[in-house]
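Just below is one structure, and these are the notes that go with it.
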Amino acid sequence: MNDQQPVPSNTRIWEQVETTPPSMTKNFTRGGGFSGTAINATSNYERATKLFGPVGIGWGFDIIEDRYVEAQDLFLKTDKGLLLDSSGRPIAIAKHTVHVISIEFWYYDPTTNRRGSVPAFGQTTYIEQRKSGDIFTDEEAPKKSLTDAISKALSMLGFSADIHKGLYDDNKYVAGLKEAEKAEKAEKAAKKAAPAAATPAGTLAAVVVPASVETTEETEVAPESTVKEAATETEAPAEAATEATPEVTWTDVVNQFNKLPAALQSASTAALKTIANKHGFPTLKGSNAAAWAEGLEYLKTVAP
């Protein structure tokens with residue numbers, strides 16, 4: 001008997017946090033026509049807390065360096081141009097200044113309970129000159145730099161990797177994520193509004209696993225005597241329960257999934273996990289025919 005434990009996947013953290021719910025994002029546009037997708041930092045802190053534990057216990061950071069870096073001079077401007085001193089030189093009133101911070105981000109891997117760490121830098125403009133000539137000082141520069149550094153460290157662990165990889169530039173990808181998030185919210189709302197009714201005594205919930213798929217350890221098989229007793233007490237014949245279950249196999253789901261574009265497949269993976277959880281399984285592959293049927297219907301609705 002082999003007692004060796006399976007080697008944890010190198011992407012075990014990445015795969016849990018790479019997909020970003022659209023509710024965590026917003027579009028932005030900066031000067032020069034630069035635009036993109038901004039991530040809500042607090043939402044990623046929440047995801048880190050769910051995965052690693054409370055901040056300061058399961059994850060956190062140590063500040064290695066915190067400083068201000070001065071650059072070029074900023075000159076006083078008037079409507080007629082630069083203001084000059086008595087010798088004809090422009091009068092410098094400040095220096096363009098950037099706040100820079102260096103941190104060591106640390107966390108405890110929930111799979112191995114080993115401590116890991118990631119170095120990261122963050123920076124924010126502290127003093128700058130606007131186009132109008134006014135000098136602007138950002139008093140929240142240190143806070144913004146720290147947020148920037150933590151976000152960069154989390155991105156190296158895979159947090160919101162889909163945004164950093166450019167997948168959010170694909171409208172179909174984002175549409176798939178929105179659909180998955182909408183379904184998840186609806187499911188949670190339904191559970192709060194109407195708790196699931198208990199199964200009546202003397203009935204047996206039929207779980208059908210297609211013959212083409214091998215039964216895994218995740219599938220619980222009731223003792224033969226229990227099945228016979230339940231079938232006797234149930235008025236409807238066992239055949240009726242079997243016929244009510246959609247005849248869909250895991251292969252059907254995979255074939256439909258493979259028809260989707262790569263970007264849409266990433267979004268659909270999150271939706272399929274949500275459907276699997278709804279049926280009480282961690283992944284769709286190890287679930288039952290009912291979950292496969294719902295997953296197949298979802299894939300058909302998002303297909304191009």
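For the numbers below, each heavy atom of this structure counts, side chains included, while hydrogens, waters and symmetry mates do not. Predicted model only: the values in this text are computed from it and were never measured.
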Does atom [atom1] of [X] have more than 12 heavy-atom neighbours, drawn from other residues, nucleotides or ligands, at distances under 6.0 Å?
| X | atom1 | result |
| --- | --- | --- |
| Asp62 | CG | yes |
| Phe121 | CZ | no |
| Gln72 | CD | yes |

Looking at [Y], is its backbone amide N or carbonyl O close enough to the side chain of [X] to form a donor-acceptor pair, meaning the two atoms are under 3.5 Å apart?
| X | Y | result |
| --- | --- | --- |
| Asn255 | Thr251 | yes |
| Thr249 | Asp252 | yes |
| Thr125 | Ile127 | no |
| Thr274 | Ala270 | yes |
| Asp134 | Arg130 | no |
| Gln265 | Phe257 | yes |

[atom1]/[X] to [atom2]/[Y] distance, rounded to the nearest 0.5 angstrom?
| X | Y | atom1 | atom2 | result |
| --- | --- | --- | --- | --- |
| Asn40 | Asn44 | CG | CG | 8.0 Å |
| Thr20 | Ile163 | OG1 | CD1 | 4.0 Å |
| Asp170 | Tyr168 | CG | OH | 11.5 Å |
| Leu260 | Thr269 | CG | OG1 | 9.5 Å |
| Leu284 | Trp250 | CG | CH2 | 5.0 Å |
| Gln129 | Phe136 | CD | CZ | 13.5 Å |

Any ion pair linking [Y] and [X] (charged N to carboxylate O, less than 4.0 Å)?
| X | Y | answer |
| --- | --- | --- |
| Lys144 | Asp148 | no |
| Glu140 | Lys143 | yes |
| Arg114 | Asp109 | no |
| Glu294 | Lys278 | yes |
| Glu184 | Lys182 | no |
| Glu187 | Lys185 | no |

Please report the closest heavy-atom contact between [X] and [Y], naming both atoms and the distance.
| X | Y | answer |
| --- | --- | --- |
| Thr49 | Pro54 | CG2-CA, 3.9 Å |
| Gly58 | Trp106 | C-CZ3, 3.8 Å |
| Leu264 | Lys172 | CD1-O, 3.2 Å |
| Pro8 | Arg12 | CB-NH1, 3.5 Å |
| Trp14 | Ala161 | CZ2-CB, 3.5 Å |
| Ala291 | Ile275 | O-CG2, 3.9 Å |

- Task: Please report the C-alpha distance between Thr124 and Ser145 in whole Å, then the side-chain angles of each, then the deciding distance to 0.1 Å, and finally whether the side-chain hydrogen bond (donor to acceptor under 3.5 Å, both in side chains) criterion is met.
- Result: CA-CA 5 Å; Thr124 307; Ser145 296; 3.0 Å; yes
- Message: Just checking Tyr107 against Phe52, ring centres under 6.0 Å apart?
- Response: yes
- Check: His99 ring centre within less than 6.0 Å of Tyr126 ring centre: no
Within the 4.5 Å heavy-atom criterion, are [X] and [Y] side-chain neighbours or not?
| X | Y | value |
| --- | --- | --- |
| Lys178 | Pro21 | no |
| Phe75 | Asp73 | yes |
| Phe61 | Leu146 | yes |
| Asn288 | Phe281 | yes |

Going hydrophobic residue to hydrophobic residue with side-chain gaps under 4.5 angstrom, can you get from [X] over to [Y]?
| X | Y | answer |
| --- | --- | --- |
| Val55 | Tyr108 | no |
| Met24 | Leu157 | no |
| Leu51 | Met156 | yes |
| Tyr68 | Ile101 | no |
| Leu177 | Ile39 | yes |

- Item | Evaluation steps, side-chain contact (heavy atoms from CB on, under 4.5 Å), between Asp162 and Glu18 | CA-CA 6 Å; Asp162 54 355; Glu18 64 178 325; 5.8 Å; no
- Item | ring pair (Phe, Tyr, Trp, His ring centres under 6.0 Å) between Phe105 and Trp59, intermediate numbers included | CA-CA 8 Å; Phe105 180 92; Trp59 67 279; 5.7 Å; yes
- Query: Does the side-chain contact (heavy atoms from CB on, under 4.5 Å) test come out yes or no for Ser268 and Val302, once each step is laid out?
  - Reply: CA-CA 8 Å; Ser268 296; Val302 299; 4.0 Å; yes
- Query: Among side-chain atoms of Glu181 and Ser23, is any donor-acceptor pair under 3.5 angstrom?
  - Reply: yes
- Yes or no on side-chain contact (heavy atoms from CB on, under 4.5 Å) for Thr97 and Val69, after CA distance, side-chain angles and deciding distance? CA-CA 6 Å; Thr97 306; Val69 179; 6.0 Å; no
- Worked check of side-chain contact (heavy atoms from CB on, under 4.5 Å) between Val253 and Tyr298: CA-CA 10 Å; Val253 178; Tyr298 162 75; over 6 Å; no
- Message: Pair Glu104, Ser117 - check side-chain hydrogen bond (donor to acceptor under 3.5 Å, both in side chains), show working.
- Response: CA-CA 6 Å; Glu104 188 78 15; Ser117 64; 3.1 Å; yes
